[in-house]
Amino acid sequence: MMVKALTAKTIAKHVVDGKLFILDVRNESDFKNWKIEGKGIKTINRPYFDLIDGVEDILEQLPKEEVLVVCAKEGSSVMVAEMLEEAGINDVYYLEGGMKAWSEYLMPVKIGDLKDGGSIYQFNRIGKGCLSYLVESNGEAAIIDSARTVEAYEDFAKENHLEIKHMIDTHLHADHISGGRRLAEKTNATYWLPPKDAEEVTFSYEALEEGKDITIGHTKIEIQPLYTPGHTIGSTSMIVDGQYLLSGDILFVDSIGRPDLAGKAEDWVSDLRDSLYNKYNNLSKDLVVLPAHFGKISELDEKGAVQASLGELFEKNEGLNIESDDEFRRAVTENLPPQPNAYQEIRQTNMGKIDPSSDEQREMEIGPNRCAITE
């Protein structure tokens, strides 16, 4: 029997609500940097080159059935999976497309309904920790903080008979390449970007600023930009339908945004603190916070969504409960996690200054997002 492939979509379901044993055959440094994680996921790492001559040494560490073999692109995992099957393990699988496919898969999750009709969806790029959003009403849609792989949004819009009217980025991203401008060009949608983040961009855009509400459909769902600098100088949060706070990379469920990815950490500390401790504190605590990233799989709820009320975060999020200015400065500028892979090149790409190939863009994005002050 031939070993079978599991798609990233299937793996995502296991991450949210299932169990899975994974043999990761990438090299040790890549595995330690980034791997598939989940509540019911158990993983061991043994590099492919250690298994070329046989898998006998690891058989005792594996279950007798249902093992998923994972590598970077797919090829090595197929070979190891075949060796495991020949050694007597039943139901051996490999990850179709490898970790590259895992990095790109977007899982749509419905967050809730809007007051006058329509819905808001979160697209969870579960292998990267990136979150984007689609707001729809009366056959029209707006997409916020789009991933590079825009086909998932196009397919969703087609299946649900939606016309994409607006593409919005809450800030100039440094951890992933935005698909906002590309999809706006494909669909003739308006592309919105905070002007203070766009001083060096090479393309035209609509300024995302306070007071410029965006209406989707006939029900006048308002997306109200709220200027909240700190992660970048232009970071802009949005309140959707009076119910949802799209916080971009300012506030996460378990942490807060880091201000150092544009080299302005010390300059932006006070902005970040003011946005979180003053502007956010003046908003309704009933707002549901929908961030642009998550750092830990434990942040996902039972349906795979990442969300929490603003009031809950002011109670439990350590980043919102740092008393002194000096302590806050140290927290957001010192002992930070490593910066995202190729973040300078990603920023240059999002400015339109460089135009990497598809393969180069994929390589630039490999790894976790690391937009928070803690991992």
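If you read the sequence from its start, that first residue is 1, and numbering goes on from there. Below, each value reflects all heavy atoms present in this structure, side chains not excepted, and no hydrogens, waters or symmetry copies.
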Tell me whether [X] is salt-bridged to [Y], with the criterion being a basic N under 4.0 Å from an acidic carboxylate O.
X      : Y      : answer
Lys212 : Glu206 : yes
Lys296 : Glu299 : no
Arg148 : Glu365 : yes
Glu104 : Arg125 : no

Given Ser235, which partner from the list Asp271, Asp249, Ile250 fulfils the side-chain contact (heavy atoms from CB on, under 4.5 Å) test?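 With Ser235 as partner, side-chain contact (heavy atoms from CB on, under 4.5 Å) holds for just one option, Ile250.
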
Pick one: which of Ile111, Leu162, Ile120 meets side-chain contact (heavy atoms from CB on, under 4.5 Å) with Leu134?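 Exactly one pass, corresponding to Leu162.
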
Within the structure provided, determine whether [X] and [Y] are in side-chain contact (heavy-atom separation under 4.5 Å).
X      : Y      : answer
Leu95  : Ile22  : no
Val80  : Ser77  : no
Asp24  : Ile44  : no
Leu23  : Leu84  : yes
Lys9   : Tyr105 : yes
Trp102 : Ile36  : yes
Met238 : Ile144 : yes
Trp34  : Ser103 : yes

Quick check: are there more than 12 heavy atoms from other residues, nucleotides or ligands sitting under 6.0 Å from NZ of Lys42?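 No - once you tally the heavy atoms of other residues, nucleotides and ligands closer than 6.0 Å, there are 12 at most.
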
In terms of hydrophobic clustering (I, L, V, M, F, W, Y; side-chain heavy atoms under 4.5 Å; direct or indirect links), are [X] and [Y] co-clustered?
X      : Y      : value
Leu320 : Phe294 : yes
Val253 : Ile239 : yes
Leu193 : Val240 : no
Met167 : Ile177 : no
Leu287 : Tyr121 : no

Say whether [X] and [Y], considering side chains only, have a donor N or O and an acceptor N or O under 3.5 Å apart.
X      : Y      : result
Asp169 : Tyr191 : yes
Gln243 : Asp241 : yes
Ser237 : Tyr280 : yes
Asp326 : Ser324 : no
Ser132 : Tyr153 : yes
Asp30  : Asn27  : yes
Ser119 : Glu136 : yes

Determine, stepwise, if the pair Val332 / Ile256 fulfils side chain to side chain contact (heavy atoms under 4.5 Å, CB included). CA-CA 9 Å; Val332 302; Ile256 59 176; 3.9 Å; yes

I'd like to know if the side chain of [X] and the backbone of [Y] have a donor-acceptor N/O pair within less than 3.5 Å.
X      : Y      : result
Arg347 : His173 : no
Tyr277 : Leu272 : no
Lys128 : Asn124 : no
Ser178 : Gly180 : yes
Thr333 : Arg329 : yes
Asn350 : His176 : yes
Lys73  : Gly97  : no
Glu86  : Met83  : no
Thr236 : Gly234 : yes
Ser275 : Pro229 : yes

Please evaluate residues Lys4 and Asp91 with respect to the criterion salt bridge (charged side-chain N to carboxylate O under 4.0 Å, His left out), reporting the C-alpha separation (whole Å), side-chain torsions for both, the decisive distance (0.1 Å), and the verdict. CA-CA 8 Å; Lys4 294 161 281 191; Asp91 296 326; 3.5 Å; yes

Below 30° counts as parallel, above 60° as perpendicular, anything between as tilted: where do the rings of Phe156 and Phe123 land?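 Perpendicular.
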
Could you walk me through whether His171 and His231 pass side chain to side chain contact (heavy atoms under 4.5 Å, CB included), step by step? CA-CA 8 Å; His171 61 289; His231 176 67; 3.5 Å; yes

Nearest non-hydrogen partners of [X] and [Y], listed with the distance:
X      : Y      : answer
Leu208 : Pro225 : CD1-CG, 3.7 Å
Arg46  : Gln61  : NH2-NE2, 3.2 Å
Gly117 : Ser137 : O-OG, 3.7 Å
Asn317 : Gly319 : OD1-N, 2.8 Å

Does Arg181 qualify as a cation-pi partner of Phe203, given the criterion of NZ or CZ under 6.0 Å from the six-membered ring centre and within 45 degrees of its axis?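 Satisfied, under 6.0 Å and within 45°.
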
Between Phe328 and Arg273, is there a cation-pi geometry (under 6.0 Å to ring centre, at most 45° from the normal)?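 Geometry flag: set, cation within 6.0 Å and 45°.
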
Determine all donor-acceptor pairs shorter than 3.5 Å in which one atom belongs to a side chain in residues 303-316; sequence neighbours excluded.
from: Lys303; atom 1: NZ; to: Lys110; atom 2: O; distance (Å): 2.8
from: Gln307; atom 1: NE2; to: Asp301; atom 2: OD2; distance (Å): 3.2
from: Ser309; atom 1: OG; to: Glu312; atom 2: N; distance (Å): 3.0

Let me see the working for Arg330 and Glu327 under salt bridge (charged side-chain N to carboxylate O under 4.0 Å, His left out), right down to the final yes or no. CA-CA 5 Å; Arg330 287 193 296 271; Glu327 185 182 354; 5.6 Å; no

Could you go through Leu172 and Met351, starting from their C-alpha distance and side-chain angles, then the distance that decides it, and tell me whether this counts as side chain to side chain contact (heavy atoms under 4.5 Å, CB included)? CA-CA 8 Å; Leu172 186 76; Met351 291 179 193; 3.6 Å; yes

Assess whether salt bridge (charged side-chain N to carboxylate O under 4.0 Å, His left out) is satisfied between Lys32 and Glu28, documenting all intermediate values. CA-CA 6 Å; Lys32 287 183 176 179; Glu28 185 177 358; 3.0 Å; yes

Would Leu290 and Leu245 satisfy side chain to side chain contact (heavy atoms under 4.5 Å, CB included), going step by step from the backbone distance to the final call? CA-CA 6 Å; Leu290 298 173; Leu245 173 61; over 6 Å; no

Go through the steps to decide whether Arg362 and Asp359 satisfy the test salt bridge (charged side-chain N to carboxylate O under 4.0 Å, His left out), and finish with yes or no. CA-CA 5 Å; Arg362 187 177 292 113; Asp359 286 343; 2.9 Å; yes

Mind checking whether Tyr244 and Tyr133 have ring centres under 6.0 Å apart?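 Here the rings of Tyr133 and Tyr244 have centres that are no less than 6.0 Å from each other.
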
